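Notes follow once the structure below has been shown.
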Amino acid sequence: MSRSAAVESDQLYAILRRRGVLWPTADVYGGAQGLVDYGPAGAALKRHLEEAWAAWFLGVSPDFHRIDPAEILPEAVVRASGHLENFTDPEVVCDHCHAHFRAETVLEKARPEGVDGLSPAQIGELLTQQSARCPSCGSKELAIPRPFNLMFGFDFGATGRERAYLRPETAQSSYLAFARMWDVGRRRLPLGIATIGRAYRNEIAPRQVLFRMRAFTQAELQVFFDPEHFRPPFPTVADELLPVLRVDRRRAGAEAPDPTPARALVADGLPEFYVYFLVHVHRFLRDVLRYPADAIRFFEKSDAERAFYNRIQFDAEVRVESLGGFKELGALHYRGDYDLSRHSAGSGRDLGVTLGDGRHLVPHVLEITFGVDRNVWALADAGLSIADGRTVWRLPPYLAPTPVAVLPLIAEEHGRVADAWRAALGAAGIPAVSDDRGSIGRRYARMDEVGTPWCVTVDSETVAEADPARATATMRERDSRAQERVTLDTLLDRVRRGVVPPRPAAVELSG
RNA sequence: GCGGGCAUAGUGUAGUCUGGUUAUCACAUAGGCUUGCCAAGCCUAUAACCCGGGUUCAAAUCCCGGUGCCCGCACCA
């Protein structure tokens, strides 16, 4: 997919708004920062993207299951997960260099026991008493800290005494579901728990429309496994080239990925299971979402960059021209047994399992996470081209908001037969649209812009054929603009096959 | 959150500096005529000064506040 000129972010957003893909929430009131609404085309695209993701990743193993958990978490959960603690650490802001610090970092020497339980005013007093200096620039111009929590918290229940939070990530829901799913999944490892849903963060500065939002949709797969025995069929993917950018090459200033065989990554120390899933994520981006192969890279995070509980982390990045470079669209986190251990401690319930050989184990977790909204933008960025006054959105048929449009060449003369074709598509479960307004070229153009892969034009030849089974209409393909006369049966067959998203060959994963 | 820039029909814009007729143009949308397989043409119509306050005889225009957007920094457990 190439484009004559990069589409600007504003220009892309204008097209998306105009075509009813998405717009700011409450925009008649001036908008609400960090929130967007999806219109008909966007909602369909997003839904198709989610289904394609589920088909692909649930297709990796029959032991991967999708759940749909609640979006509200009781306080005890976010306390155990560490979100409450980490988010409520008071902040100190340096007025001189604008650096932000945790209050306890600045007051380390003066108050080694930490600042828990102190009010912002008390911390402010301490800063003055101790003549605290900015750890970054040494200035004494430290602003009075103000508590800030990235979670949306609220009173829960009629008494108002309980607190609850909108989940800041969907992963927690899957960890909480593990104990139930262990039984539902017939007590086998690996066990995959997938969920697609919204997560909420009260971001300080939402930016770039779908990239830093206050309510966003994540598609996540948590794979629970036994680190000693998890053996995916690695040889089947060993030769696949992965566009990785490893920490050592990053330190040397490299930005371009280095295509590396999967087996070389394993020889270099990465676990087979991790690389196996890296391959599946790569295939999903390249073959299912069809990002240009040279626009994908796996960006390894260093010890300092990743959260302490992540043992290995590669961000799945795609070059998004409208936003000026590579953007994180997903990631693979090897989280060890951190999450289940935390929730064991927090809930008082042992979330470890006893395996067939009698061993007791807290399963490890490989988290595969995708930002659904970000991918909607990236698909628009990668697929939309504006050239010679023609705007085309090259989306795979199974992602396109509308797979097919039925167009009567002349509304009055061909409308009835066109309606019949559209009804036949509808009866086959394919949501076809029709359009009889304006010239045929204009209608093709409208469909190109929203990514409809096929247009079917009913003409006098179609109408003249007495036997409906033998009647043909023009089937026009979006990208090539090639036309071909097809019968209704042929059309149904092609469209039906086209709208099914690819899935990997299912394999039994052991361990 | 800090600094800078910006906000006019569905979309992109002219007008703002220097306050003053019915707010410009294009595309899009809707109707009519015409055409009939890749955004044709002509006619017509719908449609906007982000919100609130102030200055003034008079505010899209000047001032203040709010909201939103863009860029940089910071943040993104």
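Keep in mind it's a predicted model, so treat the numbers as computed, not measured.
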Nucleic acid contacts - residues 461-478 of chain A versus RNA chain B, non-hydrogen atoms under 4.0 Å:
Thr474(A), Arg476(A)
Categorize Ala205(A) for me: base, sugar-phosphate, or nothing, with a 4.0 angstrom heavy-atom threshold over every strand shown.
base
Tell me if the centroids of the rings in Phe224(A) and Phe178(A) come within less than 6.0 Å of each other.
yes
When rounded to whole Å, the CD to P distance for the pair Gln11(A) and rU11(B) reads 14 Å
Tell me which residues in residues 479-487 of chain A put a heavy atom below 4.0 Å from RNA chain B, sorted by number, or none.
Arg481(A), Gln483(A)
Heavy atoms within less than 4.0 Å of RNA chain B: which residues of residues 434-456 of chain A have one? Give them sorted by number.
Arg437(A), Ser439(A), Ile440(A), Gly441(A), Arg442(A), Arg443(A), Tyr444(A), Ala445(A), Arg446(A)
Could you tell me how far rU13(B) sits from rU8(B) if I compare only their C1' atoms? Round to whole Å.
9 Å
If the C1' atom of rG4(B) is compared with that of rA47(B), how far apart are they to the nearest Å?
34 Å
Contact string for nucleotides 66-71 of chain B, one letter per nucleotide 5' to 3', B = base within protein heavy-atom range under 4.0 Å, S = sugar-phosphate only, - = neither, reads --SSSB
Which value, in whole Å, describes the distance between the C1' atoms of nucleotides rC63(B) and rC27(B)?
36 Å
Euclidean distance, atom CD of residue Glu169(A) to atom P of rC76(B) [Å, nearest integer]:
15 Å
Ile410(A) has an atom CD1; how far is it from atom P of rG36(B), in whole Å?
8 Å
Remember a base hit wins even if backbone is also touched, and classify Ser460(A) as base, sugar-phosphate or nothing at under 4.0 Å, heavy atoms.
nothing
To the nearest angstrom, the CD1-C1' distance between Ile386(A) and rG12(B) comes to 12 Å
Does one side chain, of Glu220(A) or Thr369(A), offer a donor that lies under 3.5 Å from an acceptor on the other?
yes
Classify the nucleic acid contact of Arg17(A) as base, sugar-phosphate or nothing, counting any heavy atom under 4.0 Å across all strands shown.
sugar-phosphate
Please determine if Glu477(A) and Arg494(A) form a salt bridge, counting it only when a charged side-chain N lies under 4.0 Å from a carboxylate O.
no
Would you measure the distance from the P atom in rG31(B) across to the matching atom in rU67(B) and give it in whole Å?
42 Å
Provide the distance between the two P atoms, one in rC50(B) and one in rU16(B), to the nearest whole Å.
15 Å
Please give the distance between the C1' atoms of rG54(B) and rA58(B) as a whole number of Å.
15 Å
Using atom CH2 of Trp23(A) as one end and atom C1' of rG10(B) as the other, report the distance to the nearest whole Å.
12 Å
Under 4.0 angstrom, heavy atoms only, what part of the nucleic acid is Tyr309(A) near: base, sugar-phosphate, or nothing?
base
Euclidean distance for C1', rG3(B) against rU21(B) (whole angstrom)
42 Å
Can I get a per-line list of side-chain donor-acceptor pairs under 3.5 Å for residues 404-415 of chain A, giving both atom names and the distance, sequence neighbours left out?
{"from": "His414(A)", "atom 1": "ND1", "to": "Ile410(A)", "atom 2": "N", "distance (Å)": "3.0"}
{"from": "His414(A)", "atom 1": "NE2", "to": "Ser460(A)", "atom 2": "N", "distance (Å)": "3.1"}

Stems field, RNA chain B, Watson-Crick or wobble, 3.5 Å, at least 3 pairs, by first number, holds B:1-7 with B:67-73, B:10-12 with B:25-27, B:29-33 with B:41-45, B:50-54 with B:62-66
To the nearest Å, how far apart are Leu384(A) CG and rU11(B) P?
17 Å
Identified salt bridge (charged side-chain N to carboxylate O under 4.0 Å, His left out) counterpart of Glu449(A) within the set Arg18(A), Arg390(A), Arg443(A)
Arg18(A)
Do you know which two heavy atoms are closest between Gln218(A) and Val372(A), and how far apart they sit?
C-CG2, 4.1 Å
Smallest heavy-atom separation, Ala41(A) atom then Arg19(A) atom, equals CB-O, 4.1 Å
Rounded to whole Å, please give me the gap between CZ in Arg342(A) and C1' in rA77(B).
11 Å
Considering every strand and a 4.0 Å limit on heavy-atom distances, what is the contact class for Asp459(A): base, sugar-phosphate, or nothing?
base
Is Arg476(A) paired with Asp448(A) through a side-chain N to carboxylate O contact shorter than 4.0 Å?
yes
Between rA40(B) and rA23(B), how far apart are the two P atoms, rounded to whole Å?
31 Å
Expressed in angstrom and rounded to an integer, what is the separation of Phe152(A) atom CZ from rA77(B) atom P?
16 Å
